Number of protein chains: 2
Amino acid sequence: MLSKKTKYGIKALTFLARQEGNIPVQIATISNSENISLKFLESILLTLRKNGFLGSKKGKGGGYYLLKKPKDIQMTSVMRVLEGPIAMVPCVSLNFYEKCADCPDENTCAVHKLMIQVRDSSLEIFRNTTLADLCDC
Amino acid sequence: MLSKKTKYGIKALTFLARQEGNIPVQIATISNSENISLKFLESILLTLRKNGFLGSKKGKGGGYYLLKKPKDIQMTSVMRVLEGPIAMVPCVSLNFYEKCADCPDENTCAVHKLMIQVRDSSLEIFRNTTLADLCDC
DNA sequence: TTATTAATCTACTAAATCTATAGGGTTTAG
DNA sequence: CTAAACCCTATAGATTTAGTAGATTAATAA
């Protein structure tokens with residue numbers, strides 16, 4: 001299951017991508033338009049800012065804005081920051097690899113074999129999809 | 001993340017698929033070979049039996065065995081029984097569809113658009129992979 | 001028939017994670 | 001100064017996951 005965090009994060013990013021120019025948009029504006037709990041969204045935007053997707057402006061007239069063009073934001077990086085590893089099991093993860101404690105041999109492991117395929121196909125989709133593709137802009 | 005339930009379930013199925021003939025295999029045997037908590041595995045095998053993948057025999061010489069040939073067991077059905085929906089969000093699920101409460105229009109929803117692609121590619125892999133493919137038998 | 005073996009079933013619990021909220025702190029524009 | 005708006009930490013409630021306990025039922029062998 002996709003977490004609400006990721007779901008809301010993607011929605012917020014596309015909302016920002018659809019704005020004219022790079023004028024800061026307030027959390028409350030996004031929260032209202034996309035029906036997302038304000039404080040929860042706040043924490044999500046914070047992590048997006050800390051990971052280089054968003055810039056922010058404090059004080060009156062402040063808000064959040066995209067730091068890059070939508071077509072330069074790959075969904076791989078968005079997913080990794082919000083959702084974590086793209087792989088369904090750590091033993092097939094490229095960026096977060098971990099050996100399974102219970103599994104003696106990855107080469108004969110059925111789960112490993114299957115999940116590598118799933119990882120590769122998901123990865124291809126996330127790589128070839130940018131924020132621009134999702135918001136048609 | 002793939003649940004341990006699904007991971008263990010797939011391992012158990014491949015273990016059974018690798019056996020000669022359809023001789024019942026005891027839970028303890030699988031539990032030991034695959035390093036899975038016996039009682040947890042017990043509950044997993046029970047759901048696999050209730051969903052038509054396994055047969056069981058009680059008493060001495062009893063155990064679990066596959067009801068179909070490995071090549072006739074698609075991973076789609078295994079995943080749906082153990083892990084649940086293949087889609088990452090209910091609004092793109094074929095078998096477990098649910099409308100998102102917060103989302104006014106699926107057609108303009110970025111998450112929807114992205115997750116349909118992911119669903120389709122995962123589905124294709126699970127459809128084209130059988131238990132036989134995973135255990136090379 | 002009796003003992004043994006092994007699956008069946010129900011209920012429960014501990015831990016982890018997710019979702020959301022609370023509440024103060026800090027910065028900026030006017 | 002003051003109101004607007006982001007910054008940050010902590011925490012609570014709900015849900016899910018992973019595993020445990022223990023009694024029951026069925027099959028087999030002696």
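No experiment lies behind these values; they were computed from the predicted model shown. Proteins get letters first, then strands, A, B, ... in listed order; numbering begins at 1 in each.
- In the set dA18(D), dA29(C), dA6(C), dA29(C) carries the atom at the smallest distance from any side-chain atom of K57(A).
- Put simply, Y65(A) has no side-chain N or O that comes within less than 4.0 Å of OP1 or OP2 on dC6(D).
- With dG19(D), dT19(C), dC7(D) as the choices, the nucleotide that has an atom nearest any side-chain atom of L46(A) turns out to be dC7(D).
- Across dT27(C), dA7(C), dA20(C), the shortest atom-to-atom separation from the side chain of K58(A) is found for dT27(C).
- A 4.5 Å side-chain heavy-atom check between I10(A) and M75(A) finds at least one atom pair inside the cut-off.
- Going from atom CE of M1(B) over to atom C1' of dC18(C) covers 14 Å, rounded to whole Å.
- Side-chain contact annotation: E83(A) with S3(A), donor-acceptor N/O pair under 3.5 Å present.
- Atom pair L16(A):CG and dC6(D):P shows a separation of 11 Å (rounding to whole Å applied).
- In terms of position on DNA chain C, the residue among G59(A) and Y8(A) whose nearest nucleotide sits closer to the 5' end is Y8(A).
- Summarising the geometry, the separation between CD1 on I30(A) and P on dA5(D) is reported as 13 Å, rounded to the nearest angstrom.
- In this structure, CG of L38(B) is placed 15 Å from P of dG22(D), rounded to the nearest angstrom.
- Atom CD of E106(A) has more than 12 neighbouring heavy atoms from other residues, nucleotides or ligands inside a 6.0 Å radius.
- Between R49(A) and dC8(D), a side-chain N or O to OP1/OP2 separation shorter than 4.0 Å is present.
- A straight line from NZ of K7(A) to P of dC18(C) spans 16 Å, rounded to a whole angstrom.
- Take the nearest nucleotide of DNA chain D for S43(B) and for K50(A): the residue whose nucleotide is more 5' is K50(A).
- Closest to the side chain of K4(B), from the set dC6(D), dA18(D), dA27(D), is dA18(D).
- Contact annotation for I27(B): backbone-only contact, meaning every heavy-atom pair under 4.0 Å involves sugar-phosphate atoms and none involves a base.
- dT27(C) atom C1' lies 13 Å from atom OH of Y64(A), rounded to whole Å.
- In terms of position along DNA chain C, the nucleotide closest to V25(B) lies nearer the 5' end than the nucleotide closest to the other residue of the pair V25(B) and F40(A).
- Between dG22(D), dA20(C), dC7(D), one nucleotide has an atom nearer to the side chain of K39(B) than all others, and that is dG22(D).
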Evaluate salt bridge (Lys or Arg N to Asp or Glu O under 4.0 Å) for K113(B) paired with D136(A), printing each intermediate quantity in order. CA-CA 11 Å; K113(B) 198 171 179 176; D136(A) 300 314; 2.9 Å; yes
Which is it for L82(B) and L48(B) under the side chain to side chain contact (heavy atoms under 4.5 Å, CB included) test, yes or no, and what are the steps along the way? CA-CA 8 Å; L82(B) 293 174; L48(B) 286 173; 4.0 Å; yes
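- If you take CG of L41(B) and P of dT20(D), they are 12 Å apart, rounded to a whole angstrom.
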Could you go through the salt bridge (Lys or Arg N to Asp or Glu O under 4.0 Å) check for R127(A) and E124(A) one step at a time? CA-CA 5 Å; R127(A) 269 207 198 106; E124(A) 205 193 324; over 6 Å; no
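- Phosphate proximity of dT21(C) to S37(A): present, with a side-chain N or O under 4.0 Å from OP1 or OP2.
- When the C1' atom of dA18(D) is taken as reference, atom CG of L82(B) falls 15 Å away, rounded to whole Å.
- Between the side chain of E42(A) and the base of dC6(D), no donor-acceptor pair of N or O atoms lies under 3.5 Å.
- Residue S56(B) places none of its side-chain N or O atoms closer than 4.0 Å to OP1 or OP2 of dA6(C).
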